[in-house]
Each structure stands twice: as C-alpha cells, then as structure tokens.
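Okay, so here's the structure we're looking at.
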Amino acid sequence: MAASRLVFSLSRLPSSTHGINRKFQPFLLTQTVAPSRVRALRCQATPDSSEPQEKLVVDNGSTNETSPASKEASSGFPESPNRDVNRRVAVASVVAALALFLSTRLDFGISLKDLTASALPYEEALSNGKPTVVEFYADWCEVCRELAPDVYKIEQQYKDKVNFVMLNVDNTKWEQELDEFGVEGIPHFAFLDRQGNEEGNVVGRLPRQYLVENVNALAAGKQSIPHARAVGQYSSAEARKVHQVTDPLSHG
C-alpha cells in the first residue's frame, strides 16, 4: 500500500524540469550572486570525504587593508621619515660639517709663516722690558710645522705680557744667536727674562704643557721656569739651508 502511494505521488509531479525549477527555486537559491563578485573557485576536501569538493568563495565587498602600524610591525622596519625630518637632518649635517671645518682650520691651519708674520723683531723684543720667547725654526723642519698651532694659541693668550720672536736658522743673520743659545736642534725655544737673560730652553716635540708652564712663569715675573732644560724629538740644525735675507726689516 505504501509503495503504491509513493508511485502515485511521483506520477503526479510535472514532467517539465522547468516546473521543478520554478517550484523549488525558493529552496534552492535564496540570494543571487553577481558574477563579478566571485573571487575564487577552489576544491577542498571535507573531513568526511577523501574526494575534493568545489567551494565558491564570494567577495562580500569588504576590504581588509592593513594599517601602517601593522605594516611596520610585520615588516620589521620603521616607517620612513617625512620631508620635515629629512630637512632637519640635512641642516644639522651642514652645521656639523661647518663646525668641523672651522675647528680644523683653527687647530691645524696655522703655519710657520703665520707665526713669523705675528712675531716681534728680535731687537724690539729685547728693548721693550717684557720677557721673551725666542723660537729658532726652519721652514723644512717637520716638528716646527707640527708645533705651530700650539705655539700660536699660546702666543694669542700671552702676547700682551710676553714677546714672541721667530728666528730662521737658515738665515745667516742669526749666526751669532745660534752660537749664543747653543742651538743644535730645532725647534729650539729660549726663554728670556725682562733683562734678556736666558732662564732655560726647550728643544723639540714635547707636551704642550711644557711651553704653557714656562710662558706662564715668565708672564708672572718668576725668577725661574719649571722646565729649564727639556729635550724631545727634534730636527738637526746641521741640515740648515743657509741663505742671506736681503730685506733689512725681515726678522725671519
């Protein structure tokens, strides 16, 4: 009886597939999917079946944009600076370069010619009643050139109280002074009191403090200097390139 009823019910169904589709359409598809919104069609195997099944992935219109912070965190690199930061960095670099240039010029740009130009003539230094520092030098003397910046700084600090004289050992004009002060190596610094008497000498490359302390003692009018006999690395005075300076005003 049940079987005959099932057969009868099936026989009353419309034979047209179109009728079936129209009748069961609300149950088969509840929402129309626009073709342009289909993102991907892929096969995926379900846990209950080893055969892959097709799965339709529909783009619902939402966008998952990653924020700059998350991008920075995921990439591991900081966000690049903006133009204002770049401009400030550029200005700071220029200022630093200028400061370095100026400091280099002040510390290492002083030459023996600069010292000679600012030095007093030897005769004038002996007659003005001030203590005097006499430097015997030569243009070819490497140690003399190296010490020039230090000597210049000391001269600028004490020039109102102490005379600074530069005598070129290559000039035959100073043969008598070379013998008088026993110059064998250069640079040779002779420290004279207010009456022109030698208190001591320093020869060659030595710590800057040696010169500072001796000059300070002269400026203070002390009867002795801390470093009366000190010898460092120097150039031999035997390498003199003797010549006669014809300019009567020259003291180099």
Side-chain angles (χ1 to χ4, degrees), residues 101-178 180-194 196 198-219 225 227 230-237 239-252:
F101 171 78
L102 293 177
S103 63
T104 301
R105 177 66 180 87
L106 291 176
D107 290 342
F108 303 102
I110 302 301
S111 66
L112 291 173
K113 184 178 295 186
D114 297 327
L115 290 178
T116 303
S118 61
L120 286 177
Y122 182 57
E123 295 79 3
E124 179 181 342
L126 294 180
S127 62
N128 63 10
K130 294 181 181 179
T132 302
V133 177
V134 180
E135 178 182 355
F136 292 89
Y137 76 100
D139 294 331
W140 47 263
C141 173
E142 181 180 354
V143 180
C144 300
R145 293 196 298 265
E146 291 179 2
L147 294 181
D150 286 341
V151 175
Y152 182 80
K153 290 180 181 179
I154 297 172
E155 177 184 339
Q156 294 303 306
Q157 182 177 355
Y158 291 96
K159 63 182 179 179
D160 294 334
K161 299 179 179 180
V162 179
N163 301 316
F164 288 86
V165 175
M166 299 287 292
L167 300 184
N168 193 334
V169 297
D170 290 337
N171 189 346
T172 56
K173 179 181 179 179
W174 309 117
E175 293 286 350
Q176 180 178 345
E177 283 72 21
L178 289 173
E180 179 182 348
F181 292 100
V183 178
E184 296 180 354
I186 54 175
H188 180 112
F189 298 92
F191 301 90
L192 314 181
D193 61 16
R194 299 178 186 275
E198 183 181 19
E199 296 291 338
N201 59 71
V202 170
V203 180
R205 182 190 294 110
L206 289 166
R208 179 174 180 269
Q209 196 64 23
Y210 280 49
L211 296 179
V212 173
E213 292 176 355
N214 281 359
V215 174
N216 186 61
L218 289 180
I225 58 176
H227 311 283
V231 180
Q233 183 179 358
Y234 60 87
S235 298
S236 176
R240 297 170 56 196
K241 301 176 182 180
V242 180
H243 65 277
Q244 177 67 48
V245 177
T246 58
D247 184 1
L249 298 179
S250 174
H251 55 275

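The residues of the chain are indexed from 1 along the displayed sequence.
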| Summary of salt bridge (charged side-chain N to carboxylate O under 4.0 Å, His left out) pairs that have at least one residue in residues 126-144, sequence neighbours excluded | none
Does any non-hydrogen side-chain atom of [Y] lie less than 4.5 Å from one of [X]?
{"X": "Val143", "Y": "Tyr234", "result": "no"}
{"X": "Leu167", "Y": "Tyr122", "result": "yes"}
{"X": "Tyr158", "Y": "Val133", "result": "no"}
{"X": "Ile154", "Y": "Phe164", "result": "yes"}
{"X": "Asn128", "Y": "Leu120", "result": "yes"}
{"X": "Arg208", "Y": "Leu211", "result": "no"}
{"X": "Leu192", "Y": "Leu126", "result": "yes"}

So which atom in [X] and which in [Y] form the shortest heavy-atom distance, rounded to 0.1 Å?
{"X": "Ser236", "Y": "Trp140", "value": "O-CH2, 3.4 Å"}
{"X": "Gly182", "Y": "His188", "value": "O-CE1, 4.2 Å"}
{"X": "Ala230", "Y": "Leu206", "value": "CB-CD1, 3.6 Å"}
{"X": "Leu112", "Y": "Ala138", "value": "CD1-O, 3.5 Å"}
{"X": "Met166", "Y": "Ala119", "value": "CG-CB, 3.6 Å"}

Working to the nearest 0.5 angstrom, can you tell me the gap between [X] [atom1] and [Y] [atom2]?
{"X": "Glu180", "Y": "Glu177", "atom1": "CD", "atom2": "CD", "result": "6.0 Å"}
{"X": "Glu213", "Y": "Leu218", "atom1": "CD", "atom2": "CG", "result": "12.5 Å"}
{"X": "Glu198", "Y": "Thr132", "atom1": "CD", "atom2": "OG1", "result": "12.0 Å"}
{"X": "Leu147", "Y": "Ile110", "atom1": "CG", "atom2": "CD1", "result": "13.5 Å"}
{"X": "Glu146", "Y": "Cys141", "atom1": "CD", "atom2": "SG", "result": "8.5 Å"}
{"X": "Glu199", "Y": "Asn214", "atom1": "CD", "atom2": "CG", "result": "10.0 Å"}

| task | Fit a plane to each ring of His227 and Tyr210, take the angle between them on a 0 to 90° scale, and name the class: parallel (under 30°), tilted (30 to 60°) or perpendicular (over 60°). | result | parallel
| side-chain contact (heavy atoms from CB on, under 4.5 Å) with Phe189: which of Val134, Val151, Val203? | Val151
| field | Ser118 side chain to Tyr152 side chain, donor-acceptor N/O pair below 3.5 angstrom | value | no
